[in-house]
Enquirer: 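A single structure is presented below for examination.
All values derive from a computational prediction rather than experimental measurement. In this chain, numbering begins with 1 at the start of the sequence shown.
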Amino acid sequence: MDLNTRMISAPYSIPHKEKAALYEEFLTRLTRFHQQNCPEYRRLLKALGHPEEGVFSPETTPMLPVSIFKDLDLKSVSDEAVFKTLTSSGTTGQRVSKIYLDAETSANQQRVLYRIVSDFVGEKRLPFLVLDSKKVLRDRAMFSARGAGILGFSIFASQTFYALDENMVLDLDGVRRFLDTHGGGPVLLFGFTYMVWKHLVQALEARGERLDIPEGILIHGGGWKRLAGDAVSPAEFKDRVRKATGVRRVYDYYGMAEQTGCIYMECPCGHLHASIWSDVIFRRPSDFGICEPGESGLIQVLSLLPRSYPGHSLLTEDMGVLLGEDDCPCGRLGKYFTVTGRAPRAEVRGCSDTYEG
């Protein structure tokens with residue numbers, strides 16, 4: 001996959017129709033590669049009646065249900081080539097997906113994540129406040145979506161501090177010492193949505209304390225399902241973050257372990273954006289037909305990155321709405337959308353892994 005030449009532009013610089021034309025070549029190549037190298041994928045496509053020849057567009061590329069990675073070991077490289085194994089999130093007792101990464105796929109994921117996020121926060125390394133515990137990183141060879149997220153965003157770090165101790169308790173004194181040393185300018189904060197809410201916002205509120213990070217930039221993702229019971233809206237989340245920390249620049253993102261790297265960042269207008277490395281399609285649950293803009297449907301995500309496993313076209317368990325193409329007021333080109341919730345009867349899971357405290 002040649003990410004250095006034809007797709008080297010800024011993440012949101014190509015109009016969607018121009019990008020879609022390029023995708024036929026890349027998606028066809030990826031589909032054929034996985035058919036040839038992953039026996040399980042080849043059997044699945046044969047059972048679904050997909051041809052072994054022809055060209056695949058984003059709309060016609062075979063899509064796998066994202067849950068299938070919980071049931072099958074899907075890999076398109078040899079066992080010796082597996083660089084690390086990533087596990088998806090899930091509450092205690094649930095099955096988790098296993099995503100097998102070779103060195104090339106892992107490196108491309110990291111490079112693309114950097115390109116996407118730097119469009120929002122800049123390329124300068126920043127003091128990095130991780131709203132999690134360091135214990136989540138103990139097994140680097142086989143680690144969770146939470147650990148992968150922390151390691152992925154650490155490429156933006158100049159200095160790193162973990163805000164939670166081994167018992168998942170906010171180390172307020174340690175955070176303040178870190179900010180006293182590094183808080184004179186921009187600070188990057190990262191955490192999963194539910195953990196930011198519970199272990200930062202609510203923890204500060206319960207103590208009657210407040211942090212002062214006026215130039216802070218918070219990136220958070222996953223875990224909205226865990227907040228549904230608290231009836232916390234995105235607007236309230238941002239407002240309470242601001243009141244508790246002084247942070248005004250808050251960016252949500254949509255992503256999943258099964259397509260690590262190709263995250264969909266939220267712009268200042270509140271819209272999620274597909275980059276040049278990804279695409280998103282919305283399908284009617286009744287017949288999987290493609291939805292019209294403004295019509296709610298199941299989210300299909302496509303990515304150019306997965307080479308070591310057939311994860312380039314996945315049907316998620318989330319519902320969303322396409323809001324438009326190439327005309328977001330933020331100026332970024334490509335599709336932009338919103339996620340509206342889970343599909344009926346979909347298994348509830350979030351990027352908070354097995355943590356339930």
Enquirer: Do Gln259 and Ser303 get their side chains close enough for a donor-acceptor pair, meaning under 3.5 Å?
Expert: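 Result is no, nothing qualifies.
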Enquirer: Any chance the rings of Phe237 and His220 have centres within less than 6.0 Å?
Expert: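 That pair passes the under 6.0 Å test.
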Enquirer: Give the C-alpha distance, both sets of side-chain angles, the deciding distance and a yes or no for side chain to side chain contact (heavy atoms under 4.5 Å, CB included) between Thr245 and Leu189.
Expert: CA-CA 11 Å; Thr245 67; Leu189 297 84; 5.5 Å; no
Enquirer: Can you tell me how far the CD1 atom of Ile263 sits from the CE atom of Met256, to the nearest 0.5 Å?
Expert: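 The distance works out to 11.5 Å.
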Enquirer: If Ile, Leu, Val, Met, Phe, Trp and Tyr residues are connected whenever their side-chain heavy atoms lie under 4.5 Å apart, and connections chain through other members, are Tyr336 and Ile116 in the same group?
Expert: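 Per the 4.5 Å side-chain linkage, Tyr336 and Ile116 are not co-clustered.
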Enquirer: Report the C-alpha distance between Thr61 and Tyr23 in whole Å, list the side-chain angles of each, state the deciding distance to 0.1 Å, and finish with yes or no for side chain to side chain contact (heavy atoms under 4.5 Å, CB included).
Expert: CA-CA 10 Å; Thr61 298; Tyr23 265 44; over 6 Å; no
Enquirer: Any side-chain heavy-atom pair from Arg242 and Arg248 closer than 4.5 angstrom?
Expert: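 In short, these two side chains touch, coming nearer than 4.5 Å.
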Enquirer: Would you confirm whether Ser308, through its side chain, and Tyr100, through its main-chain N or O, come within 3.5 Å as a donor-acceptor pair?
Expert: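 Such a contact is found between Ser308 side chain and Tyr100 backbone.
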Enquirer: Is the closest side-chain heavy-atom distance between Lys335 and Asp279 below 4.5 Å?
Expert: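 In short, these two side chains touch, coming nearer than 4.5 Å.
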Enquirer: Could you label the plane-to-plane angle of the Phe120 and Tyr12 rings as parallel, tilted or perpendicular, counting under 30° as parallel and over 60° as perpendicular?
Expert: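 Rings of Phe120 and Tyr12: perpendicular, over 60°.
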Enquirer: Classify the ring geometry between Phe192 and Phe190 as parallel (under 30°), tilted (30 to 60°) or perpendicular (over 60°).
Expert: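 It falls in the perpendicular class, over 60°.
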Enquirer: Do Val175 and Phe161 pass the side chain to side chain contact (heavy atoms under 4.5 Å, CB included) test, and can you show the C-alpha distance, the side-chain angles, and the key distance before you say yes or no?
Expert: CA-CA 8 Å; Val175 169; Phe161 183 79; 3.9 Å; yes
Enquirer: So, Ser76 side chain and Asn37 main chain: donor-acceptor pair closer than 3.5 Å or not?
Expert: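 Pair absent, no side-chain N/O of Ser76 close to backbone of Asn37.
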Enquirer: Can you give me the closest heavy-atom contact between Val339 and Asp318, atom names plus distance?
Expert: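 Here Val339 and Asp318 meet closest at CG1-CB, 4.4 Å.
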Enquirer: Drop me the distance from Arg42's CZ to Leu45's CG, to the nearest 0.5 angstrom.
Expert: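 One gets 10.5 Å once the value is rounded to the nearest 0.5 Å.
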Enquirer: How long is the straight-line distance from OG of Ser313 back to NE2 of His34, given to the nearest 0.5 Å?
Expert: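 Reported to 0.5 Å precision, the distance equals 10.5 Å.
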Enquirer: Could you verify whether a donor N or O on one side chain and an acceptor N or O on the other, from Asp102 and Thr105, lie under 3.5 Å apart?
Expert: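 Thr105 and Asp102 do have a side-chain donor-acceptor pair below 3.5 Å.
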Enquirer: Would you say the side-chain atoms of Asp326 pair up with the backbone N or O of Gly334, donor to acceptor, closer than 3.5 Å?
Expert: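 At least one qualifying donor-acceptor pair exists.
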Enquirer: As an exercise, state the distance from OG1 of Thr28 to CZ of Phe56, rounded to the nearest 0.5 Å.
Expert: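 Reported to 0.5 Å precision, the distance equals 6.5 Å.
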Enquirer: Can you confirm whether more than 12 heavy atoms, excluding those of Arg210, are under 6.0 Å from its CZ atom?
Expert: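 Yes.
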Enquirer: Taking Asp165's backbone N and O only, do any of them form a donor-acceptor pair with Ser133's side chain (distance below 3.5 Å, no angle check)?
Expert: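 The answer is yes, because a donor-acceptor pair under 3.5 Å joins these two groups.
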Enquirer: State whether the side chain of Asn167 and the backbone N or O of Val169 hold a donor-acceptor pair below 3.5 Å, judged by distance alone.
Expert: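 Not confirmed, Asn167 side chain does not pair with Val169 backbone.
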Enquirer: Hey, what do you get for NE2 (His199) to CG (Leu131), rounding to the nearest 0.5 Å?
Expert: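 The CG atom of Leu131 is 10.5 Å from NE2 of His199, to the nearest 0.5 Å.
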Enquirer: In the structure I gave you, are the side-chain heavy atoms of Val250 and Glu266 within less than 4.5 Å of one another anywhere?
Expert: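 Val250 vs Glu266: side chains apart.
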Enquirer: So, for Phe156 and Tyr114, is the gap between ring centers shorter than 6.0 Å?
Expert: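 Between Tyr114 and Phe156, which both carry aromatic rings, the centre distance is below 6.0 Å.
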Enquirer: Quick one: pull up NZ in Lys135 and OH in Tyr162 and give me the separation to the nearest 0.5 Å.
Expert: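 Between Lys135 NZ and Tyr162 OH, I get 13.5 Å after rounding to 0.5 Å.
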Enquirer: Could you check whether any side-chain heavy atom of Arg332 comes within less than 4.5 Å of a side-chain heavy atom of His271, counting everything from C-beta outward?
Expert: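 Side-chain contact under 4.5 Å: no.
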Enquirer: Ignoring hydrogens and angles, tell me if any N or O in the side chain of Thr160 forms a donor-acceptor pair with the backbone of Phe128 under 3.5 Å.
Expert: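 Judged by distance alone, no pair lies under 3.5 Å.
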Enquirer: Angle class for the Tyr264/Tyr254 ring planes (parallel below 30°, perpendicular above 60°, tilted otherwise)?
Expert: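 Rings of Tyr264 and Tyr254: tilted, as their planes differ by 30° to 60°.
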Enquirer: I want to check something: taking the side chain as every heavy atom from C-beta on, are Leu200 and Leu211 in contact at a cut-off of under 4.5 Å?
Expert: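 SC-SC contact between Leu200 and Leu211 confirmed.
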Enquirer: Could you go through Asp173 and Arg176, starting from their C-alpha distance and side-chain angles, then the distance that decides it, and tell me whether this counts as salt bridge (charged side-chain N to carboxylate O under 4.0 Å, His left out)?
Expert: CA-CA 5 Å; Asp173 291 337; Arg176 284 185 165 141; 5.3 Å; no
Enquirer: Would you confirm whether Lys243, through its side chain, and Val201, through its main-chain N or O, come within 3.5 Å as a donor-acceptor pair?
Expert: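 It does not hold such a pair.
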Enquirer: Just by distance, do the side chain of Tyr41 and the backbone of Thr31 share a donor-acceptor pair under 3.5 Å?
Expert: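 Pair absent, no side-chain N/O of Tyr41 close to backbone of Thr31.
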Enquirer: Please examine the side chains of Val232 and Arg240, heavy atoms only from C-beta on, and report whether any two atoms are closer than 4.5 Å.
Expert: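 No, side chains not in contact.
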